[in-house]
S.K.: 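I have a structure I would like to understand better, so I am pasting it below and will then ask my questions one at a time.
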Amino acid sequence: MEIAFIDLKAQYKKYKEEIDKEINEVLESAQFIQGPKVKALEENLSSYTGSKHSISCSSGTDALLLSLMALDVGLGDEVITTPFTFIATAEVIAFLKAKPVFVDIDEQTYNIDVSKIEEKITDKTKAIIPVSLYGQPADMDEINEIAKKYNIAVIEDACQSFGAEYRGKKSCNLSDIGCTSFFPSKPLGCYGDGGAVFVNDEEMAKKIKSISIHGQSRRYEHQYIGINGRLDAIQAAVLNVKLKYFDEEVKKRVEIAKRYTKMLEDIVTTPCIKDDRTSVYAQYSIRVQDRDSVAKKLNEDGIPTAVHYPKPLHLQPAFSYLGHKEGDFPVSEKISKEIMSLPMSPFLKEEEQNYIIEKLKGIIK
Ligand SMILES: *Cc1c(COP(=O)(O)O)cnc(C)c1O
C-alpha cells in the first residue's frame, strides 16, 4: 500500500466544484490583489477565531515578521522562543537584527517550558513567541502573566494550531498577537503561500495592515518602512471555501489521532494533550527509540514519515553566531532524536491507518 503523508489531492477532489468556481470569480474580476475575497476572508477569520482584527498576509513567516516589525523590534532587542520549532520562528527575530533567546521545551507537550522563561528575561526583552507546536496551544495564560509582569508582548506562533482551543478560546486569539500560516500542508492550507495575523487592539491592527502594504497609510503615503506582505485574492478564495469545512476536518483529525493513540500507546510515546485544550494535530508525532531505522522500514512498506524537527535551532549553522553548544537545551535535543510524524490528514482512510498501525507494531515489538 502506498500512503500519502497528507492527502491534499483527495481534499481538492472533494471541494473542487466550489473552489474552482471561487477561483474563476477572481480570474473574471481581474482583482488579484486585495479586493472582496480578501476582505471576506478576514471577516471569516475574525468570526472563526473571535479575534477582533484579522490581517491576511503572504505567509506564516511574514505574519511573524509583521508582528515583530509592528512592535518595533530591532537591533539590541531580545525575543524569547524555543529552539524546537520550524526555523521561521527564530529566523524573523534574527532577520530584524534582534537576538533570539532560546528556552527549552516541556518534555510532555514539546511546547515552551514556562518555568524556564523568567530567568531569560532581561531589560532588552521585547517579546515572547511561544509556539503552539503540532497543533496544541502552549501554556498561554501563564506566559501572558509573566509577560504582563515585565511589560513585554506575547506573539503566539499558531502556524500549526489554527482551530485549536484553549480554555474556551481559539488559538490565534490567546495573546496580544497571534500568527498563523496557510501553507498547503497546515491544518487550514491554501494553494500556495499564505498567512494571517490576529489582534484585538485596533491601533495595532492598523499598523500591521499598513506594514504589510509597504507601510502605506494612504496610497503612496508611507508612514512606516514595510514589506510587500499581502495575501493573493486567489488564495483567499480557496481559504473561504475550505474554512466552511474546516471544523469537520478538525473533527476527523482528532478521531484519527485518538485512534492512533489508542492503538499505539503501549509501544511508543504518543502525544500528550492537556485537559484544558485541544490539538488540531498539524502533525501526529510519536517518540520511538532507533527512530531512523523505524522510519526506513516504514518507508519500505509505502508509509511516509517525517521528522519535525531533526536538529534544534541552537545547533543550526545559521545560528552558530549565538555560540550555543550541544547540551544547552537537553530536552529539545533528546526529543529531536526520537520524534517521528506519522501520516495525518482528514482523508486518511481507516484501512490505511490500520495498515500503518499493523506495520509499526511489527517493527516495534
Ligand atoms: C509553517 C510554520 C511557520 C512558517 O509558515 P510559512 O507559511 O511556511 O511561512 C512558522 N512557524 C511554525 C511553527 C510553522 O510550523
Side-chain angles (χ1 to χ4, degrees), residues 5-6 8 41 45 54-69 79-96 100 102-103 105-106 109-112 127-138 140 143 154-164 171-172 174-175 177-198 208 212 227-232 235-236 238-239 242 253 271 279-285 306-314 316 318-319 332 335-336 339 341 344-345:
F5 188 65
I6 301 172
L8 292 177
L41 174 69
L45 290 174
S54 305
I55 302 116
S56 61
C57 64
S58 39
S59 67
T61 306
D62 282 344
L64 293 163
L65 180 64
L66 290 166
S67 307
L68 291 175
M69 288 173 83
V79 178
I80 291 173
T81 191
T82 92
F84 193 65
T85 175
F86 181 56
I87 189 159
T89 319
E91 192 180 29
V92 290
I93 303 168
F95 181 76
L96 292 172
F102 295 125
V103 169
I105 53 167
D106 174 82
T109 63
Y110 318 132
N111 282 331
I112 195 164
I128 306 172
I129 310 184
V131 181
S132 296
L133 201 74
Y134 303 152
Q136 170 173 221
M140 298 304 292
I143 296 165
V154 178
I155 304 168
E156 183 195 10
D157 181 341
C159 285
Q160 300 181 5
S161 62
F162 183 86
S171 179
C172 296
L174 302 175
S175 57
I177 305 181
C179 293
T180 202
S181 164
F182 302 125
F183 185 79
S185 63
K186 308 283 177 173
L188 179 65
C190 56
Y191 292 159
D193 278 308
V197 186
F198 301 85
I208 291 168
S212 78
I227 61 171
N228 176 354
R230 296 168 300 226
L231 181 77
D232 292 356
Q235 301 307 338
V238 172
L239 288 165
K242 283 209 195 174
R253 284 177 174 280
S279 176
V280 289
Y281 296 97
Q283 312 297 345
Y284 184 87
S285 302
V307 177
H308 306 94
Y309 297 90
K311 190 188 262 194
L313 299 184
H314 66 287
Q316 293 286 351
F319 285 120
S332 297
I335 305 304
S336 69
I339 203 85
S341 305
M344 162 57 79
S345 90

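Please read these numbers as outputs of a predicted model, since none were measured by experiment. One-based numbering, in listed order, for ligands and for the atoms of each.
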S.K.: Considering only heavy atoms of Val131, which atoms of ligand 1 have at least one such atom less than 4.0 Å away?
M.R.: 13 (C)

S.K.: Do the side chain of Asp62 and the main chain of Gly195 share a donor and acceptor less than 3.5 angstrom apart?
M.R.: no

S.K.: Is Thr85 near ligand 1, meaning one of its heavy atoms is under 4.0 Å from it?
M.R.: yes

S.K.: Measuring only between side-chain heavy atoms, which start at C-beta, is Ile55 closer than 4.5 Å to Cys57?
M.R.: no

S.K.: Cut-off 3.5 Å, no hydrogens considered: what does the side-chain donor-acceptor table look like for residues 79-86, sequence neighbours left out?
M.R.:
unit_1, atom_1, unit_2, atom_2, d
Thr81, OG1, Ile129, O, 2.8
Thr82, OG1, Phe84, N, 3.0
Thr82, OG1, Phe84, O, 3.4
Thr85, OG1, Thr89, OG1, 2.8

S.K.: For the pair Tyr134 (side chain) and His308 (backbone), establish whether a donor and an acceptor sit closer than 3.5 Å, ignoring hydrogens and angles.
M.R.: yes

S.K.: Tell me the nearest of Glu91, Gln160, Lys186 to atom 2 (C) of ligand 1, using heavy-atom distances.
M.R.: Lys186

S.K.: Keeping Thr180 on the side-chain end and Ala158 on the backbone end, is there a donor-acceptor pair under 3.5 Å?
M.R.: yes

S.K.: Can you tell which part of Ser59 has a heavy atom less than 4.0 Å from ligand 1: side chain, backbone, both or neither?
M.R.: both

S.K.: Using a strict 4.0 Å cut-off to heavy atoms of Ala88, name the atoms of ligand 1 that fall inside it.
M.R.: 4 (C), 10 (C)

S.K.: Spell out, as yes or no, whether a donor-acceptor pair under 3.5 Å connects the side chain of Ser132 to the backbone of Ala138.
M.R.: yes

S.K.: For ligand 1, indicate whether the residue Thr61 contacts it via side chain, backbone, both or neither (heavy-atom separation under 4.0 Å).
M.R.: both

S.K.: Any side-chain to backbone donor/acceptor pair from Lys242 onto Cys190? Under 3.5 Å, distance only.
M.R.: no

S.K.: Please determine whether any non-hydrogen atom of His308 lies less than 4.0 Å from an atom of ligand 1.
M.R.: no

S.K.: Is Asp157 in polar range of ligand 1, meaning some N or O pair under 3.5 Å apart?
M.R.: yes

S.K.: Applying side-chain hydrogen bond (donor to acceptor under 3.5 Å, both in side chains), can you list everything that pairs with Ser171, at least two apart in sequence or on another chain?
M.R.: Glu156, Ser161

S.K.: Does an N or O anywhere in Gly60 fall below 3.5 Å from an N or O of ligand 1?
M.R.: yes

S.K.: Heavy-atom contacts with Thr89 under 4.0 Å: which atoms of ligand 1 show up? List them by number with element.
M.R.: 11 (N)

S.K.: Any idea which atoms of ligand 1 are less than 4.0 Å away from a heavy-atom of Ser181?
M.R.: 5 (O), 6 (P), 7 (O)

S.K.: Can you pull out the closest protein heavy atom to atom 10 (C) of ligand 1? Residue, atom name and distance to 0.1 Å, please.
M.R.: Cys159 SG, 3.5 Å

